[in-house]
Amino acid sequence: MFKTLAPRTPEDDAPKPAASAAAPASNDEPESERLKAAVAAWVASAEDEDEADEASAEGDADVDESEPDVEGVVEDDAEDVESSDDDQPADEPVEDEDKAPAASWFAARKPGEADKAAEKPAAEQKPEPEADEPAAEPVDKPVEKSVDKPVVEPEDEPVDQPTAMFKIVRPPVAPAVDQPTTALKLPPTLRAQSGAESDSERTSTFVPLRADIPAERKAQEAQEAPKAPEAPRAAAPGPKAATGAPKAFAPGSDAPVPPASLAEAERTRQQPLPPLPPLDLLAELTNTPPPKPNALRTTARRVRIWTPLVVLLLIVFAIVQMVRPLPAPALTLSASPTFTFEGGQLKMPWPTEGQGAVEVEGVGSMGTYGAQKPAPIASVTKTMTAYVILRDHPLKGSQKGPEIEIDKKAAEQGKAEHESTAAVQEGQTYTEKELLELLMIPSANNVARLLARWDAGSEAAFVEKMNAAAKDLGMTQSTYTDPSGLLDSTVSTPKDQLKLAKAVMQYDVFREIVNMPNVTVDGIPGRIENNNNILLEPGVSGIKTGSSTPAGGNLLWSANTVVDGETRRILGIVMGAKDADELGKKLQLAIDNSLKIIQKAQNDVTSASVVRKGQVLGYIDDGLGGQTPVVATKELKAIGWPGLQVKLELTDGGKAVPHSGKAGDIVGQVSIGTGVGKVSAPVALQADLVEPGFDKKLTRVG
């Protein structure tokens with residue numbers, strides 16, 4: 001067994017007084033006593049430890065058999081120390097042990113010697129002084145010592161090796177380190193002698209919050225409590241013991257009291273526990289056990305935790321809802337979106353050959369017949385020529401336009417016998433309006449080519465402009481190859497020609513020219529008759545005729561009818577009339593068929609009251625569930641014919657719908673039809689329009 005000697009104290013390093021030659025025995029005697037006391041304390045602590053271990057493990061054990069024999073060790077060590085002290089000169093102080101190696105010794109325990117040391121009276125045992133107090137004065141007691149010869153053990157007695165002790169070299173004295181996990185505790189007897197406790201000697205009682213000591217162990221500790229206090233195990237004698245400092249013994253006990261620096265550290269039986277939940281930790285710190293969990297407490301705790309958060313979220317939500325911009329109100333039609341005229345289905349006198357179409361301008365189509373495919377249109381092509389000229393060189397009011405000189409080519413083409421021409425002479429000048437009259441009334445091909453060269457520089461360039469204009473008007477099935485229509489490669493459809501008719505009839509000059517039965521032009525002898533004799537019929541304002549062998553008879557016409565005191569224009573076309581043996585008769589057949597259609601359309605086009613004054617047509621939707629009705633401010637009539645279905649449209653009239661308003665405020669309009677035939681009436685609020693309130697703003701989700 002190896003034991004660490006007691007730490008070195010300042011008294012050990014102090015210079016020792018020189019021993020006189022007259023009294024050598026008095027200086028050596030305390031050193032021997034100290035050695036004996038240290039060994040006796042060590043033996044006593046070892047016996048106590050062995051007895052405790054054997055008592056807990058086996059119940060009864062013979063402790064005396066395991067006691068080490070230390071008397072021989074004490075005597076040998078004392079003789080060695082006395083020899084070393086005698087050899088030192090008396091006039092020189094003892095040097096520090098740090099400069100010379102410390103002495104080591106072995107000793108074999110003899111039977112019965114430990115008992116003898118333990119049986120010594122308490123008066124002979126010297127308590128060890130405190131580290132801060134001066135060492136006790138040695139007691140002059142004669143001790144047998146042998147300096148000249150060491151103790152020789154008999155050969156038949158074995159050396160007890162486990163009890164051998166090695167003295168190690170003392171390390172340099174270092175300042176005491178406060179170890180948080182180590183508590184040094186002095187025996188009660190030594191504390192009683194000192195009369196006070198230093199900071200390092202004070203102890204504290206650990207009171208665990210949880211009872212983690214088994215009941216059996218508690219009972220055992222309770223039984224052992226009344227026993228006399230046992231001396232704590234002494235550490236092996238340190239360097240101070242080798243220098244001759246005496247040991248202190250507790251009163252009434254043979255066991256020496258170890259110094260405070262050798263006291264065993266107080267150990268705790270409490271093992272580290274895992275971290276506790278906050279509520280359990282608080283309960284332990286306050287010594288208040290947590291209540292037993294149940295559904296009611298859990299619910300209440302959750303309510304207390306979540307209620308402030310929910311309230312805060314509701315406040316934020318309410319603020320956001322209030323500052324959000326209101327949705328834009330919109331007019332919504334609640335009345336029937338369509339209206340059907342009475343009288344059944346319209347029955348038009350459609351021809352049995354060719355193809356055609358009829359349309360009331362601004363209202364819609366009255367119907368079509370035929371294949372509706374591209375076909376030659378003959379001189380009806382001149383309608384596009386006039387449209388391009390008026391578009392690029394418009395005439396307003398009584399204007400006649402610029403003077404245009406007749407070139408040689410136009411004069412020579414005027415003499416052709418197999419096509420319609422105008423007898424113009426080279427070098428003559430005619431105004432733009434006069435040339436348009438010659439283009440549309442006698443249908444002069446040479447004038448059409450002259451206008452093309454004047455406008456675009458060449459006929460080919462003008463043809464390109466004609467096709468571009470057709471594309472702009474949406475005439476997707478029309479192709480123009482010449483400005484006069486003489487070529488049968490110029491083709492179109494009835495619907496495309498009606499698109500062109502609506503566009504060109506917007507020019508006042510054009511409407512004036514095509515409605516003239518005849519015309520007189522300066523420089524041309526006689527009166528020029530319009531070959532469209534349908535113009536003589538009431539309400540017919542013709543547009544353009546066209547006939548050729550590939551095309552047959554064609555007529556693009558315009559007629560008027562009066563409805564509710566207003567003039568309504570009806571546009572139509574008849575193409576491909578070929579049920580005749582002569583070209584002139586084919587053209588007349590197309591005119592006759594057109595007249596029947598015109599008369600039927602004029603009789604059937606009528607008006608009907610679609611919207612009454614004060615009728616609720618719809619409402620303003622504020623976007624949050626509020627609806628304010630709107631009503632018509634006057635009666636609204638629509639133009640149509642039997643069986644026609646018209647659509648109503650409720651709009652804001654180009655103004656933003658307000659969020660609030662008074663009853664009677666105009667907020668939009670209702671309309672029927674499109675273009676020039678469109679009719680409309682204002683709509684107003686039936687009741688006050690109120691901005692949405694707090695409840696609607698708060699509950700909106702969209």
Side-chain angles (χ1 to χ4, degrees), residues 313-342 359-365 474 502-503 506 563-566 568 606-640 644-702:
L313 291 177
L314 290 177
I315 294 174
V316 173
F317 176 77
I319 294 174
V320 172
Q321 290 290 80
M322 293 302 296
V323 300
R324 282 177 58 189
L326 293 173
L331 276 171
T332 304
L333 182 67
S334 62
S336 176
T338 59
F339 175 82
T340 303
F341 284 81
E342 300 176 354
E359 178 180 340
V360 177
E361 188 175 7
V363 179
S365 174
K502 288 188 291 185
Q506 303 303 317
V563 179
D564 296 335
E566 295 184 6
R568 297 290 178 177
T606 183
S607 66
S609 179
V610 179
V611 176
R612 301 182 307 275
K613 183 178 180 179
Q615 178 184 350
V616 176
L617 299 176
Y619 56 87
I620 293 180
D621 187 357
D622 60 9
L624 299 180
Q627 297 179 353
T628 304
V630 294
V631 296
T633 58
K634 67 178 183 179
E635 184 180 16
L636 183 63
K637 290 185 176 182
I639 304 299
L644 175 66
Q645 190 178 66
V646 296
K647 294 182 179 181
L648 278 73
E649 185 179 10
L650 183 62
T651 62
D652 55 13
K655 297 180 179 180
V657 180
H659 289 283
S660 60
K662 298 294 184 180
D665 292 349
I666 303 299
V667 293
Q669 67 179 12
V670 59
S671 58
I672 302 173
T674 58
V676 295
K678 179 179 179 180
V679 291
S680 60
V683 294
L685 292 172
Q686 187 183 40
D688 292 345
L689 177 62
V690 181
E691 186 175 320
F694 174 78
D695 55 342
K696 292 183 178 180
K697 292 180 180 179
L698 184 62
T699 57
R700 57 176 167 172
V701 295

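Counting from 1, the numbers follow the sequence of the chain as shown.
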The criterion is side chain to side chain contact (heavy atoms under 4.5 Å, CB included); which residues satisfy it with I666, sequence neighbours excluded?
T633, P682, A684
Quick one: pull up CG in L648 and OG in S671 and give me the separation to the nearest 0.5 Å.
8.0 Å
Quiz: residues 607-620 side-chain donor-acceptor pairs under 3.5 angstrom, not counting sequence neighbours:
| residue | atom | partner | partner atom | Å |
| --- | --- | --- | --- | --- |
| S607 | OG | D564 | OD1 | 3.0 |
| S607 | OG | D564 | OD2 | 2.5 |
| S609 | OG | E635 | OE2 | 2.7 |
| Q615 | OE1 | R612 | N | 3.1 |

Which distance, rounded to the nearest 0.5 Å, do you find between the CZ of R324 and the CG of L698?
11.0 Å
Donor-acceptor check, side chain of D688 to backbone of A663, threshold 3.5 angstrom: yes or no?
yes
Could you name each residue pair satisfying ring pair (Phe, Tyr, Trp, His ring centres under 6.0 Å) that touches residues 323-342, not counting sequence neighbours?
F339-F341
Can you list the residues that meet the salt bridge (Lys or Arg N to Asp or Glu O under 4.0 Å) rule with K502, with sequence neighbours excluded?
E359
Would you call H659 and L689 a side-chain contact if the rule is heavy atoms closer than 4.5 Å?
no
Answer yes or no: does atom CD of Q645 have more than 12 heavy-atom neighbours from other residues, nucleotides or ligands under 6.0 Å?
yes
Output all residues satisfying salt bridge (Lys or Arg N to Asp or Glu O under 4.0 Å) with K697, sequence neighbours left out; order by chain, then residue number.
E691
Salt bridge (Lys or Arg N to Asp or Glu O under 4.0 Å) with E566: which residues, sequence neighbours excluded?
R568
The reported gap from NZ in K647 to OG1 in T338 (rounded to nearest 0.5 angstrom) is 8.5 Å
